[in-house]
**Student:** 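If you scroll down you'll find the structure; I have some questions about it.
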Amino acid sequence: MTFARISDAIRDVAFEPRLDLHEALDKYYAPDYIHRGDGRVLDRAGFADMVAGIRSRVLEGTVTVLDELYDGSRYAERHRYTMTLTDGTIINREIYFFATLAEDGRFRQVDEAGFDVR
């Protein structure tokens with residue numbers, strides 16, 4: 001079984017989209033997916049809406065994995081990303097990412113926190 005990696009998901013969903021949004025989400029996120037980040041809790045539909053908004057504004061982006069660990073159905077990862085938006089804004093962030101994986105290896109639940117990097 002192949003386990004999801006958040007760096008691959010970010011590339012496929014937002015930075016280098018080659019798949020339709022829903023195909024990309026199906027590849028990485030379980031149907032009962034729950035996303036907790038920035039003080040908000042989103043179900044899969046709410047997450048899809050958020051990602052669609054981001055995807056429409058991203059001109060380009062890169063993600064660099066700093067640390068990554070799997071332990072059974074648990075996954076932790078720390079990464080930095082830089083993205084350039086269509087309005088010229090450049091965003092640099094470091095993210096701490098903790099996930100529970102579904103039996104098929106996709107993300108079932110995610111808790112993440114991050115901060116801007118200069």
**Student:** Do Phe3 and Tyr70 have ring centres separated by under 6.0 Å?
**Tutor:** yes

**Student:** Does Val117 belong to the same Ile/Leu/Val/Met/Phe/Trp/Tyr cluster as Tyr96, with side-chain heavy atoms less than 4.5 Å apart forming each link?
**Tutor:** yes

**Student:** Indicate yes or no: at least one non-hydrogen side-chain atom of Thr82 is less than 4.5 angstrom from one of Ile91.
**Tutor:** no

**Student:** Kindly indicate whether the side chain of Ile34, heavy atoms from C-beta on, has any atom under 4.5 Å from the side chain of Val41.
**Tutor:** yes

**Student:** Tell me whether Tyr28 is reachable from Tyr33 by hopping between hydrophobic residues (I, L, V, M, F, W, Y) whose side-chain heavy atoms are closer than 4.5 Å.
**Tutor:** yes

**Student:** Roughly how far, to the nearest 0.5 Å, is the CG atom of Leu59 from the OG1 atom of Thr84?
**Tutor:** 6.5 Å

**Student:** Please report the C-alpha distance between Glu94 and Arg78 in whole Å, then the side-chain angles of each, then the deciding distance to 0.1 Å, and finally whether the salt bridge (Lys or Arg N to Asp or Glu O under 4.0 Å) criterion is met.
**Tutor:** CA-CA 7 Å; Glu94 184 166 320; Arg78 180 173 67 101; 2.9 Å; yes

**Student:** So do the side chains of Arg11 and Pro17 get within less than 4.5 Å of each other, counting heavy atoms only?
**Tutor:** no

**Student:** Passes side chain to side chain contact (heavy atoms under 4.5 Å, CB included), Arg44 versus Tyr29? Steps please.
**Tutor:** CA-CA 8 Å; Arg44 166 103 180 231; Tyr29 301 94; 4.3 Å; yes

**Student:** As an exercise, state the distance from CG of Asp111 to CZ of Arg36, rounded to the nearest 0.5 Å.
**Tutor:** 5.0 Å

**Student:** Looking at Arg74, is its backbone amide N or carbonyl O close enough to the side chain of Asp71 to form a donor-acceptor pair, meaning the two atoms are under 3.5 Å apart?
**Tutor:** no

**Student:** By the definition ring pair (Phe, Tyr, Trp, His ring centres under 6.0 Å), identify the one residue from Phe107, Phe47, Phe97 that meets it with His35.
**Tutor:** Phe47

**Student:** Do His79 and Ile6 touch side chain to side chain, with heavy atoms closer than 4.5 Å?
**Tutor:** yes

**Student:** A side-chain contact here means heavy atoms from C-beta on lying under 4.5 Å apart; do Leu21 and Val13 qualify?
**Tutor:** yes

**Student:** Would you give the length of the straight line joining atom CG of Leu69 to atom CG of Asp67, rounded to the nearest 0.5 angstrom?
**Tutor:** 9.0 Å

**Student:** Which heavy-atom pair separates Val63 from Ser7 by the least distance, and what is that distance?
**Tutor:** CG1-O, 3.9 Å

**Student:** Please determine if Asp12 and Lys27 form a salt bridge, counting it only when a charged side-chain N lies under 4.0 Å from a carboxylate O.
**Tutor:** yes

**Student:** Mark yes when over 12 heavy atoms from residues, nucleotides or ligands other than Asp32 sit less than 6.0 Å from its CG; otherwise mark no.
**Tutor:** yes

**Student:** Does the side chain of Asn92 come within less than 4.5 Å of Tyr81's, by heavy atoms?
**Tutor:** no

**Student:** Taking C-beta and beyond as the side chain, do Leu85 and Val58 meet within less than 4.5 Å on heavy atoms?
**Tutor:** yes

**Student:** Asp38 and Arg93: which non-hydrogen atoms are nearest, and at how many Å?
**Tutor:** OD1-NH2, 4.0 Å

**Student:** Answer yes or no: is there an ion pair linking Glu77 with Arg5, defined by an N-O contact shorter than 4.0 Å?
**Tutor:** no

**Student:** Between Ala30 and Arg108, what is the shortest heavy-atom contact and its length?
**Tutor:** CB-CA, 4.3 Å

**Student:** Report the distance from atom OG1 of Thr62 to atom CD of Glu16, rounding to the nearest 0.5 Å.
**Tutor:** 9.5 Å

**Student:** Among the clusters formed by ILVMFWY side chains lying less than 4.5 Å apart, do Phe115 and Ile10 turn up in the same one?
**Tutor:** no

**Student:** From Asp8 CG over to Phe15 CZ, what is the distance, rounded to the nearest 0.5 angstrom?
**Tutor:** 13.0 Å

**Student:** Where do Ile95 and Gly114 come nearest, in terms of heavy atoms and distance?
**Tutor:** CD1-CA, 3.8 Å

**Student:** With a 4.5 Å cut-off on side-chain heavy atoms, are Met50 and Arg40 touching?
**Tutor:** yes

